[in-house]
Trainee: 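Please find one structure pasted underneath; my questions will follow.
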2 protein chains.
Amino acid sequence: MSPHPVTSVDVARATGLSQATVSRALNGGVVSAAARERVLAASRDLGYRPNDVARGLVTRRTGTVGVVVSDILNPFYPEFLEALGAALGARGGRMLLQNAASGGAEGEATAIESLLRQRVDGIIVTAATDDSSAVRELVASGFPVVLAHRTLPIAVDTVESDNAGGAALMAELLHRRGHRTVGVLEGDPGTSTARQRGEGFAARARELGLTVQTTPAGFAASTARVAADAMLSRGERPTAIVGHNDTIALAALNAARELGLRVPRDVAVAGFDDIAAAGWAIVGLTTVRQPTARMAQRAVDLLAGRIEDPSLPPRREVLPVELIERTSTGGAA
Amino acid sequence: MSPHPVTSVDVARATGLSQATVSRALNGGVVSAAARERVLAASRDLGYRPNDVARGLVTRRTGTVGVVVSDILNPFYPEFLEALGAALGARGGRMLLQNAASGGAEGEATAIESLLRQRVDGIIVTAATDDSSAVRELVASGFPVVLAHRTLPIAVDTVESDNAGGAALMAELLHRRGHRTVGVLEGDPGTSTARQRGEGFAARARELGLTVQTTPAGFAASTARVAADAMLSRGERPTAIVGHNDTIALAALNAARELGLRVPRDVAVAGFDDIAAAGWAIVGLTTVRQPTARMAQRAVDLLAGRIEDPSLPPRREVLPVELIERTSTGGAA
DNA sequence: CTGAAAGCGCTAACAC
DNA sequence: GTGTTAGCGCTTTCAG
């Protein structure tokens, strides 16, 4: 007793029309008003639910886009996905989510392979890394892809934010607040975000005469915590620490707290992204805000355009960021 | 120039075998080792990628399960999804994610409808509400469904945690810490979680002689914040506040901070779920830990069982919780 | 405007 | 073991 074996043939039978006409009626094809009426009524009565799988087989369009994220536990991604889902929904699209982190070994490649077998219409990748050979191959194959949040030095549609610019603003802020030695907890090497934030900061810091100490921390909370502990326990501890994302900065905040250091008095802390927690009163993390929702919206727009016309030249969008100063750098009360 | 028009027919042609044999070779059917060898080689050379859509049409199995969440911005859900993705991945399954919150009007019904058209093999709902008519109908139709985190008073597979028990533990803890008047910021009415946590707490509180003040707060940060502000600004402010989830408790923590109240000295705060932020040193939120990963794992197991044998009687699992005391109730340093 | 017919790419009997 | 033959449920010519 299968729950829903009702097909368009059943509807056709019920209306006395042909199956083809039922299809047309349901998809806005050319049919008499009377016929459409009958089809709609019968569909409702029978509880007919179009089979998108069959539809996808013949149209070669599934209405589904694959989304690859690197670490859904980083609050930045849920915020991105929230906006992405809304943007996609507005276009009648669905989202097949793949969390590369939990994908095991080389999750990314597996994730992409799986999405392709499912015949998604396109893929949005937020997990790109320099050694993402799977992503490179995917792009090279001509399949509709857009890179969001992170980019790669290849010809592909991209939306990212002005990480270097934001980092420069951050350097200026810290300098203005009197810091002369700042520690940088760097994100995963091989990611464009870490590179842009690192270089953008270093460049402006150099101009300002800041001394910069860098340490690899990784974008995840666990690895970041270790790096933060080490940096804060050093003899010549920097007076300010900037993490390459808010998760890292938060780890630094926690490390400082447990080491008995006061923020910002003993050490100032700042991050990137402006996830919700950064704005909490009990956190007050100074950070470079990324226009997350707009980024998601643009990613969907770019992908839609690409799917419609695969011959489009690759587009690269860089969204403006905004420095949000909060208590962790002594900016506000 | 479509990127990947390679079909099993192409592979058949390349090997000189029949298309059916190619299919068998790829799916572990009965074929000679030699044939399998040739098929595998040719598939690799041609870049053949099985079309899961076509496969799904004939097998009536898509290998995809739909997941409906109520609010992906609540960190509990990403944590749940992370585990869900892993559990699903281990079984070779995929996840079609639908965020009911961003689904607009009656997002839930739309979400479910969309999933059904996609012919997912089953659906995991974490967004169930008393007036989720769509969910009730879905269950009534016999379609494989499992409710996780929240439940409904109907015959359906369910995994939830011992919310009432956890709430009782919480009442005991607060009583033990000397509180006699506690405020409860309640989650969305019509959700089993809010009801169980509310009733479990009230029952034990009554036995202990605690005075309980309740106020609707809603599970979202924004609404919770308003309720927390109101409760903390009252004349006879309670000495302890418990939120029906960590997001609410966090809102209370932030409200307290902005009102100049010290936690736990002026007011103790506690929540439910034990999201990652609760454990941060700068937060230290006492909370009832939910076995999120296990819940996800069980949800997948139950769904798999249900899909395999729809005639199974409905099962209901209640997972044990654990009270984690941290600084927000004065328990630790 | 509507029906008949041909597949989309694959699995699953059914013969050989 | 392997090939042949039917479809899965739908869209889309092509006639009429």
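If you're wondering where the values come from, they're calculated on a predicted model, not measured in any experiment. So you know, we letter chains A, B, ... as the sequences are listed, proteins then strands, and number each from 1.
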Trainee: Under a 4.0 Å heavy-atom cut-off, which of residues 25-40 of chain A touch DNA chain D?
Mentor: A:N27
Trainee: Ignoring backbone atoms, test whether B:T7 places a side-chain nitrogen or oxygen under 4.0 Å from the OP1 or OP2 oxygen of C:dG9.
Mentor: no
Trainee: Ignoring hydrogens and geometry beyond distance, is a side-chain donor-acceptor pair present between A:R316 and A:T158 at under 3.5 Å?
Mentor: yes
Trainee: I'd like to check the salt bridge (Lys or Arg N to Asp or Glu O under 4.0 Å) partners of A:D130; sequence neighbours left out, ordered by chain and number.
Mentor: A:R195
Trainee: First and last nucleotide of DNA chain D in contact with chain A, 5' to 3', at under 4.0 Å to a heavy atom: what are they?
Mentor: D:dG9 to D:dT13
Trainee: When the distance from CZ of A:R119 to P of C:dC8 is rounded to whole Å, what number comes out?
Mentor: 14 Å
Trainee: Rounding to 10°, can you tell me the angle the first-five-pair axis of the helix from C:dC1-D:dG16 to C:dC16-D:dG1 makes with its last-five-pair axis?
Mentor: 40°
Trainee: Going by side-chain hydrogen bond (donor to acceptor under 3.5 Å, both in side chains), name the residues that satisfy it together with A:R117, two or more places apart in sequence or in a different chain.
Mentor: A:E113
Trainee: Please report the distance, rounded to the nearest Å, between CD in A:Q118 and C1' in C:dC10.
Mentor: 14 Å
Trainee: Say whether A:T7 and A:Y48, considering side chains only, have a donor N or O and an acceptor N or O under 3.5 Å apart.
Mentor: no
Trainee: Run the side chain to side chain contact (heavy atoms under 4.5 Å, CB included) check on A:V318 and A:S161 step by step: do they pass?
Mentor: CA-CA 5 Å; A:V318 177; A:S161 48; 5.9 Å; no
Trainee: Could you pull out the protein-nucleic contacts involving nucleotides 12-16 of chain C (nitrogen or oxygen on both sides, under 3.5 Å)?
Mentor:
residue: C:dA13; atom: N6; partner: B:R24; partner atom: NH2; Å: 3.1

Trainee: Please give, in whole Å, the distance from C:dG9 C1' to B:N51 CG?
Mentor: 6 Å
Trainee: Hey, which of these two, A:P50 or B:L17, hits DNA chain D nearer its 5' end, going by closest nucleotide?
Mentor: B:L17
Trainee: According to side-chain hydrogen bond (donor to acceptor under 3.5 Å, both in side chains), who are the partners of A:R91, at least two apart in sequence or on a separate chain?
Mentor: A:D301
Trainee: Quick one: which residue pairs count as a ring pair (Phe, Tyr, Trp, His ring centres under 6.0 Å) with a foot in residues 12-40 of chain A, not counting sequence neighbours?
Mentor: none
Trainee: Who passes side-chain hydrogen bond (donor to acceptor under 3.5 Å, both in side chains) against B:D157, sequence neighbours left out?
Mentor: B:R306, B:R315
Trainee: Should the pair B:R60-B:D121 be classified as a salt bridge under the 4.0 Å nitrogen-to-oxygen rule?
Mentor: no
Trainee: Report the C-alpha distance between A:L96 and A:V67 in whole Å, list the side-chain angles of each, state the deciding distance to 0.1 Å, and finish with yes or no for side chain to side chain contact (heavy atoms under 4.5 Å, CB included).
Mentor: CA-CA 6 Å; A:L96 246 179; A:V67 180; over 6 Å; no
Trainee: Applying side-chain hydrogen bond (donor to acceptor under 3.5 Å, both in side chains), name anything that partners A:T129, two or more places apart in sequence or on another chain.
Mentor: none
Trainee: My understanding is that only residues two or more places apart in sequence, or in another chain, count here; which of them pass salt bridge (Lys or Arg N to Asp or Glu O under 4.0 Å) with A:E37?
Mentor: none
Trainee: What residues, two or more places apart in sequence or in another chain, satisfy ring pair (Phe, Tyr, Trp, His ring centres under 6.0 Å) together with B:F76?
Mentor: B:H149
